Amino acid sequence: MTGNSKLRPLLAVTVLLLAGLLAWNVSLQRDLKKYRPQVEAYLPKDVYVAVGSTVELYNDQVVWSGLRDGYACNWDCVIGENLKDRFSVTGKEEQMGEYSLTLTVYDYNVNEILTLETTLHVVEQVLEKEYSIMNMGDSLSDGREWYRTIFYLSGGQITFSGIRGWTKYSHEGRSGFSAEDYLKPTEYINEGVSEGIQPFYDPAQEMFDWNYYKLYTGKDPDVIQIFLGTNGLKDDPSDTVDAIAQMVKNIRRHDKEIPIYLVNTIYWADQETIGTMLRQDGTAFLPGEFKNRSDKRIMDLMKAMDRKFRHADGVTLIPLALMHNSAENFQAGDALHPGDNGDQQFADVMYSVYCGTLE
């Protein structure tokens, strides 16, 4: 028997062994993937902080995972603070300018999972002229204190317009409304009293119409803000995004240049509050809901809004969902509506974006 003949059986065994090891490795990787926590993250391309304001990006709101303890965040920027649960920055006059802000997400073995980067803008806190903003939304903008706070932050340069609320803090916020409600002839009931069909619906055209709203109400603001998404929150965010896109398209049909702000709705409170929140009749307010699923829905809604409007002229996203402290800033027993500290964060975030983009 030649030397080659003797080697053939050994070679065959080696090939089989290698094939077996490869198959085992593929199977092992498949099994490991089942137990590896899914990690997703979102950062907008720009973050703004006005001089004198504080803006924070919360780890558990920038990042979503099926296993919250399975990842860690590290923030890297020449200004601001890389804290245990968030990145925090207070705008200072001597720091006005642009900075690179990088987030790196690690797994529990300090292996890098993903890296995101945004531009942090520290901007002047004073606007050059006065602006009137019409905010349409749900209960998060229905007579909230953040209107008044922004008015005072701006030194009276920003007022709010609408047929509801008070003179300088008027608005178009309606508790319980979804984005789709503003496209339909939806009647609004406030404390048992009807306020009629919401004023953006033109009965002649049977559609949302910005020009009709201005003629019907006599309001003609300098800026439009749409703050919707909590009501109608679903696994598939397309209905909400499409409804907002339809509003933006109609506004642009009548007004090509008016600034439009779209506010990302906030994350809900913790599971204890979600589970114990009650209606007036004592029944569960959010039956069957749990924190991680609602967080995923809000994350998906943010990403879908970014994809839809990132390149839209004159449309600016306000990433409030990332910057409101959902762990601590809600009213007692309420999983959806922040207290005073929440309204202050709303105001700091919104006003910072106005200062960085209106002019």
Side-chain angles (χ1 to χ4, degrees), residues 48 50 52-53 55 123 125-177 179 181-182 188 190 195-196 198-200 208 210-231 244 247-248 251 254-255 257-266 314-320 323-324 337-359:
Y48 296 91
S53 292
V55 164
V123 297
Q125 65 177 324
V126 179
L127 297 167
E128 292 182 1
K129 59 182 183 178
E130 296 181 353
Y131 293 91
S132 169
I133 300 176
M134 187 282 296
N135 181 92
M136 59 187 297
D138 49 36
S139 58
L140 294 174
S141 48
D142 187 354
R144 301 287 305 183
E145 185 64 24
W146 60 260
Y147 291 109
R148 192 193 309 267
T149 306
I150 290 174
F151 173 80
Y152 285 109
L153 279 175
S154 71
Q157 287 181 287
I158 290 181
T159 56
F160 291 91
S161 173
I163 63 172
R164 310 192 71 238
W166 310 279
T167 307
K168 294 176 182 176
Y169 324 119
S170 302
H171 61 86
E172 295 292 349
R174 291 171 175 79
S175 297
F177 263 42
D181 284 324
Y182 281 101
Y188 183 62
N190 181 28
E195 294 186 8
Q198 54 88 7
F200 297 90
F208 174 100
W210 174 240
N211 210 38
Y212 172 80
Y213 169 82
K214 290 195 292 183
L215 291 170
Y216 177 76
T217 64
K219 306 293 181 181
D220 191 10
D222 304 308
V223 178
I224 297 169
Q225 181 165 285
I226 300 173
F227 186 0
L228 291 161
T230 291
N231 300 305
I244 293 174
M247 295 176 201
V248 170
I251 292 166
H254 297 294
D255 194 326
E257 309 216 346
I258 190 168
I260 301 173
Y261 290 95
L262 307 178
V263 184
N264 291 125
T265 195
I266 60 174
V315 178
T316 303
L317 292 168
I318 299 182
L320 184 63
M323 300 177 177
H324 169 256
H337 305 101
D340 292 341
N341 289 339
D343 276 311
Q344 180 64 54
Q345 280 193 312
F346 279 30
D348 279 338
V349 171
M350 292 180 191
Y351 184 60
S352 292
V353 176
Y354 302 156
C355 288
T357 59
L358 270 177
E359 298 170 349

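Hydrogens, waters and symmetry mates are skipped; everything else that's a heavy atom, side chains included, is used. Since this is a predicted model, take the numbers as computed values, not measurements.
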Evaluate the criterion side chain to side chain contact (heavy atoms under 4.5 Å, CB included) for residue pair His337 and Ser139; output intermediate values, then yes/no. CA-CA 8 Å; His337 305 101; Ser139 58; 2.7 Å; yes

Salt bridge (Lys or Arg N to Asp or Glu O under 4.0 Å) partners of residues 136-159, not counting sequence neighbours, each pair once: Asp142-Arg164, Arg144-Asp343, Glu145-Arg148

Are Leu320 and Phe346 packed together at the side-chain level, in the sense that at least one heavy-atom pair is separated by less than 4.5 angstrom? yes

Could you list the residues that satisfy side chain to side chain donor-acceptor pair (under 3.5 Å) with Thr357, not counting sequence neighbours? Tyr261

Heavy-atom nearest pair, Val55 first then Ser352, reads CG2-OG, 4.1 Å

Who are the ring-ring contact (aromatic ring centres under 6.0 Å, His included) partners of His171, not counting sequence neighbours? Tyr147

Side chain to side chain contact (heavy atoms under 4.5 Å, CB included) evaluation trace for Met134 with Val223: CA-CA 6 Å; Met134 187 282 296; Val223 178; over 6 Å; no

Could you pull out all residues at least two apart from Gln344 that satisfy side chain to side chain donor-acceptor pair (under 3.5 Å)? Asp348

Sequence neighbours left out, what pairs pass salt bridge (Lys or Arg N to Asp or Glu O under 4.0 Å) with at least one residue falling in residues 349-359? none

How would you list all residue pairs meeting side chain to side chain donor-acceptor pair (under 3.5 Å) that involve residues 211-224, not counting sequence neighbours? Glu172-Tyr213

is_close_aromatic(Tyr182, Phe208), centroid dist under 6.0 Å: no

Do the non-hydrogen side-chain atoms of Asp181 and Gln198 ever get within less than 4.5 Å of each other? no

Taking all non-hydrogen atoms of both residues, which atom of Ile266 and which atom of Pro338 are closest, and how far apart? CD1-CG, 3.7 Å

Nearest 0.5 angstrom please: Thr265 OG1 to Phe227 CZ, how far? 5.5 Å

Is Tyr188 reaching over with its side chain to a backbone N or O of Ser175, donor-acceptor style, under 3.5 angstrom? yes

Sequence neighbours left out, what passes side chain to side chain donor-acceptor pair (under 3.5 Å) with Tyr351? Give chain and number order. none

Does atom CG of Asn190 have more than 12 heavy-atom neighbours from other groups under 6.0 Å away? yes

Looking at side-chain heavy atoms only, is the closest gap between Pro259 and Leu358 below 4.5 Å? yes

By ring-ring contact (aromatic ring centres under 6.0 Å, His included), Tyr131 pairs with (sequence neighbours left out) none

Looking at residues at least two apart in the chain, or sitting in another chain, which of them share a side chain to side chain donor-acceptor pair (under 3.5 Å) with Tyr354? Gln225

If you measure from CG on Leu127 to SG on Cys355, what distance do you get to the nearest 0.5 Å? 4.5 Å

Which atom pair, heavy atoms only, marks the closest approach of Met247 to Leu228? CE-CD1, 4.0 Å

In Å, rounded to the nearest 0.5 Å, how long is the span from CG of Asn264 to CD1 of Ile318? 9.0 Å

Going by heavy atoms in the side chains, are Trp146 and Ser141 under 4.5 Å from each other? yes

Shortest non-hydrogen contact between Pro221 and Ser132, atoms and distance: CB-O, 3.6 Å

I need the Ile251 CD1 to Ile224 CD1 distance, nearest 0.5 Å. 3.5 Å

What are the two closest non-hydrogen atoms of Ile258 and Trp210, and how far apart are they? CD1-CZ2, 4.4 Å

Could you walk me through whether Val126 and Gln157 pass side chain to side chain contact (heavy atoms under 4.5 Å, CB included), step by step? CA-CA 9 Å; Val126 179; Gln157 287 181 287; 3.8 Å; yes

Indicate the atoms forming the closest heavy-atom contact of Asn231 with Gly176, along with that distance. ND2-C, 3.3 Å

